[in-house]
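As structure tokens, the structure follows; a few thoughts come after it.
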Amino acid sequence: MSMAEGSHFDFHGLRMVDIGAKETSLRIARASARVRMEPQTLEQLRQGQLPKGDVMQAARVAGIMAAKRTAELIPLCHPVPLDVVRVDFTFPDSSSVAIEAEARATARTGVEMEALVAAAVAALTIYDMCKAQDRAMVIQQLQLEEKSGGKSGHFLRSG
């Protein structure tokens, strides 16, 4: 593909894609991430016993706020009028927090980046608020889980 044929390039270099002619449709995306930590740190987090306060609520709010600012963070990303952003947490084992973020909008472009940014910033917030207890934490597996809406159709990660 030549530079002139790419969706984000023209003869002058990078450009924002024109989505004006695209149909408006319901767009939904889910993304996930994990934060792996020492079991003692996870137990303190779950019990609300960390010195920096309610880590999970701070991470939820940070993820939602970040999704709303995705177009400011990712070059050439369109601002999307989000209908809702949801950030949830589970504890799949004794040393990790699983984060799932969902973004929804009725728009001309997808919300994959908004869901990914929400999951990433929620993970970073957990890291920030727990780092004094556990410098060995690892943020893992930031990935798109599902997306629907638009011309490209439905995607669901398998396995």
Side-chain angles (χ1 to χ4, degrees), residues 1-37 42 45-46 54-130 137-159:
M1 178 179 298
S2 74
M3 196 157 98
E5 296 169 5
S7 66
H8 287 82
F9 297 96
D10 65 15
F11 290 111
H12 303 289
L14 287 173
R15 67 177 174 87
M16 184 180 237
V17 173
D18 182 354
I19 61 170
K22 291 175 85 176
E23 290 293 320
T24 298
S25 66
L26 176 62
R27 312 293 184 124
I28 301 171
R30 285 186 311 107
S32 66
R34 284 192 183 223
V35 183
R36 188 160 303 282
M37 61 188 70
L42 183 63
L45 180 137
R46 291 185 78 168
D54 191 339
V55 173
M56 305 317 288
Q57 289 306 311
R60 177 174 282 120
V61 171
I64 292 167
M65 290 174 63
K68 292 167 44 174
R69 301 189 74 175
T70 299
E72 296 173 37
L73 300 169
I74 308 295
L76 309 176
C77 192
H78 291 85
V80 177
L82 294 167
D83 296 329
V84 68
V85 176
R86 178 185 57 76
V87 179
D88 292 315
F89 308 97
T90 57
F91 304 94
D93 56 51
S94 65
S95 62
S96 62
V97 179
I99 302 159
E100 183 173 284
E102 179 181 300
R104 278 188 270 155
T106 303
R108 291 186 165 127
T109 191
V111 289
E112 298 96 305
M113 294 311 301
E114 286 74 9
L116 285 161
V117 167
V121 171
L124 288 166
T125 301
I126 291 169
Y127 185 97
D128 180 53
M129 293 184 77
C130 296
M137 285 181 294
V138 177
I139 296 172
Q140 302 175 309
Q141 295 175 265
L142 176 64
Q143 59 192 26
L144 181 67
E145 297 293 341
E146 183 175 14
K147 71 139 300 265
S148 63
K151 194 166 76 172
S152 66
H154 186 249
F155 165 81
L156 179 62
R157 181 173 301 283
S158 60

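Both backbone and side-chain heavy atoms feed into the values below; hydrogens, waters and symmetry mates do not.
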Subject >> Among Glu145, Glu102, Glu146, Gln143, the one residue meeting side-chain hydrogen bond (donor to acceptor under 3.5 Å, both in side chains) with Arg30 >> reply: Glu146

Original post:
Do other residues, nucleotides or ligands put more than 12 heavy atoms under 6.0 Å from Arg60 CZ?
Top reply: yes

**OP:** Might you point out which heavy atoms bring Ala118 and Val87 nearest each other, and give the distance in Å?
**Re:** CB-CG2, 4.3 Å

Original post:
Does any pair with a residue in residues 111-127 pass side-chain hydrogen bond (donor to acceptor under 3.5 Å, both in side chains), and if so which ones, sequence neighbours excluded?
Top reply: none

Original post:
Under 3.5 Å, side chain of His78 to main-chain N/O of Val17, donor-acceptor pair present?
Top reply: yes

**OP:** Quickly, which of Glu23, Lys22, Arg27 forms a side-chain hydrogen bond (donor to acceptor under 3.5 Å, both in side chains) with Ser25? Name it, please.
**Re:** Arg27

Subject >> From Ile139 atom CD1 to Ser96 atom OG, the distance as rounded to the nearest 0.5 Å >> reply: 13.0 Å

Original post:
Roughly how far, to the nearest 0.5 Å, is the OG atom of Ser32 from the CG atom of Leu142?
Top reply: 7.5 Å

Subject >> Considering all heavy atoms, the nearest Val121-Ala62 contact >> reply: CG1-O, 3.6 Å

Original post:
Between Thr70 and Val80, does a side chain to side chain contact (heavy atoms under 4.5 Å, CB included) hold up when you go through it step by step?
Top reply: CA-CA 9 Å; Thr70 299; Val80 177; over 6 Å; no

Original post:
Just wondering, more than 12 heavy atoms not from Arg157 lying within 6.0 Å of its CZ?
Top reply: yes

Original post:
Is the shortest distance from a Lys or Arg side-chain nitrogen in Arg36 or Asp93 to a carboxylate oxygen in the other one below 4.0 Å?
Top reply: yes

Original post:
Among all residues two or more places apart in sequence or in another chain, which pass the side-chain contact (heavy atoms from CB on, under 4.5 Å) test with Ile126?
Top reply: Val35, Met37, Leu45, Val55, Met56, Ala59, Phe89, Val97, Ile99, Cys130

Subject >> Ala103 versus Val111, closest heavy-atom pair with distance >> reply: O-CG2, 3.3 Å

Subject >> Nearest heavy-atom neighbours spanning Ala98 and Arg34 >> reply: CA-CG, 4.2 Å

Original post:
Of all heavy-atom pairs between Met16 and Cys77, which one has the smallest distance, and what is that distance?
Top reply: CE-O, 3.6 Å

Original post:
Can you name the closest pair of heavy atoms from Ala33 and Ala123 and give their distance?
Top reply: CB-CB, 4.4 Å

Original post:
Looking at OG of Ser95 and CG of Leu42, how far apart are the two atoms once the value is rounded to the nearest 0.5 Å?
Top reply: 7.5 Å

Subject >> Sidechain-backbone polar pair: Lys68 side chain, Pro81 backbone, donor-acceptor under 3.5 Å >> reply: no

